[in-house]
Peer 1: 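Quick one: structure below, then a few questions.
All residue numbers in this chain count up from 1 along the given sequence. Keep in mind it's a predicted model, so treat the numbers as computed, not measured.
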Amino acid sequence: MVSRQIDPSTLSRRALFRGGSYLFASGLLTSLPFVSGSLFAHDVGSSWPNLAAMAEKYINSRKVANLLISIGKGQEDISHTVGGGTLSFRNSQEVDLNTLFRIYSMTKPITGMGTMMLIDDGRIKLDQPLAEILPEYSNMRVLLDPEGPLDETVPAETPITIRHLLTHTAGLGYVIISKGPLLEAFYQNGLIGAPVSRFPIPGLPEIEPAPSLAEFSVRLSRLPLVAHPGKKWIYSASIDVLGRVIEVVTGQNFEAFLLERVFEPCGMDSTFFKVPESEVERLTTNYGVLDFMPRPIPIDSPSTSIFLDKPSFPSGGGGLVSSPRDYDRFLRMLMGYGKLDGRQVMSETAVRVGISNLLPDGADLEGSWMQGQGHGAGGRSVGTTFGWGGAAGTLASVDFATSLRIGLFTQYMPSDAYPVRQEFIDAVEKDMATLQLEHK
């Protein structure tokens, strides 16, 4: 399977998988009002008029085919919606909570919580050296210049740990942020993570992915680090490496582990690395927003989607397709500190630790997406909120102070082609201010 990957000359690698949405930076969710309870999910745009107007603006201007926001409260088995749209510009079927969206890096918190389960089980430790599990990561070396020659390195000052992997402080590179010889090495070794399209896209390289998660890990370990472990926050392939850690520790295929420990217990029956043929009619079209094109172009359509193929390996950093309803159930499980529908999916302690700030003491955040914030098990941790976003415009979070679950689902790349996330924050802030005045 040849995957088309995003090149900075067209869709901007750095922006595409810009997992940390700005939603969590301002702490706006800490005082959001809740919708009233209902036996059935329904549109609550009347309670959130600015949010509804923002969604309507993007849909009516045909910048996006869909923009659906899900809003849930505490452990209520309902999430309400704002916005909508259709599966594509050419398909009039309306999107809903059961529609399938490519969630890309919103896969990371799921992998992170899977890792926390194994820590809670006592099978690995948070500060355990990675090399004790994956020996290929012994004797790592660090580039003198992150964009310089691969043979100009020094020995790593400290070993990579599980904590480093969970928080992107392992010093590993990423195909979407690396530059120079290191980027070329990522391409040559097929270290590309989640796919985008099976068809040629102008300016995008065609890359053969690593054939397995085991091989992905080995090839990545042969490349130098871009920073000493624990010293700097650098968005990286570390969450994919955690998928391999899970395989080695459990003796299970990573996908099988997630199915057994996360998806089935949470009732997430619409979350896949490979979309079954029977579910194609629920899948959205993903669009590319290109500077040289007058309108978004389809880069992955349901009938020919690359997500209909079995991936070379399951990417714990960005490989999942899911529905708003399924992801809301994952958020509900976190909101319940591991409990969902009376079932303890993971321990309260594991959730509390996973949503907390796990960054190593003294880690340099200067100039990064995490500056002034914290990072937990695969997601951003700020105050009482935990969550992450995805490359195709999606994002989701839980806020434990307000018991709010919220998700934003749309499908376009790169995610910063439109200011959706900032406008989302602005709309929420305006609606919140209005509701506060009404309740005075």
Peer 1: Kindly assign one of parallel, tilted or perpendicular to the pair Phe307 and Tyr104, based on the angle between their ring planes and the thresholds 30° and 60°.
Peer 2: perpendicular
Peer 1: Set out, in order, the CA-CA distance, both residues' side-chain angles and the distance that settles salt bridge (charged side-chain N to carboxylate O under 4.0 Å, His left out) for Asp341 and Arg329, then state yes or no.
Peer 2: CA-CA 10 Å; Asp341 295 335; Arg329 289 189 65 80; 2.5 Å; yes
Peer 1: Honestly, is Arg244 close enough over Phe254, meaning NZ or CZ under 6.0 Å from the six-membered ring centre and within 45° of the axis?
Peer 2: no
Peer 1: Tell me, yes or no, whether the heavy-atom count around Lys339 atom NZ, taken from other residues, nucleotides or ligands under 6.0 Å, exceeds 12.
Peer 2: no
Peer 1: Tell me whether the count of non-hydrogen atoms from other residues, nucleotides or ligands lying under 6.0 Å of CG in Asp121 goes above 12.
Peer 2: yes
Peer 1: Would you say the rings of Phe330 and Phe263 are close, in the sense that their centroids are separated by under 6.0 Å?
Peer 2: no
Peer 1: Which pair of non-hydrogen atoms, one from Thr107 and one from Ser315, has the smallest distance, and what is that distance?
Peer 2: CG2-O, 3.6 Å
Peer 1: Mind checking the NE2-CG spacing from His375 to Leu365? Nearest 0.5 Å is all I need.
Peer 2: 10.5 Å
Peer 1: Using only heavy-atom distances, determine whether the side chains of Asn91 and Thr86 contain a donor-acceptor pair under 3.5 Å.
Peer 2: no
Peer 1: For a side chain to side chain contact (heavy atoms under 4.5 Å, CB included) with Lys63, tell me which candidate from Tyr418, Tyr287, Tyr412 qualifies.
Peer 2: Tyr418
Peer 1: Return yes if a side-chain donor-acceptor contact under 3.5 Å exists between Thr385 and Arg380, otherwise no.
Peer 2: no
Peer 1: Checking Ser270 against Glu279: is there a side-chain donor and acceptor pair closer than 3.5 Å?
Peer 2: no
Peer 1: Report the residue from Ile119, Thr161, Ile133 that forms a side chain to side chain contact (heavy atoms under 4.5 Å, CB included) with Gln128.
Peer 2: Ile133
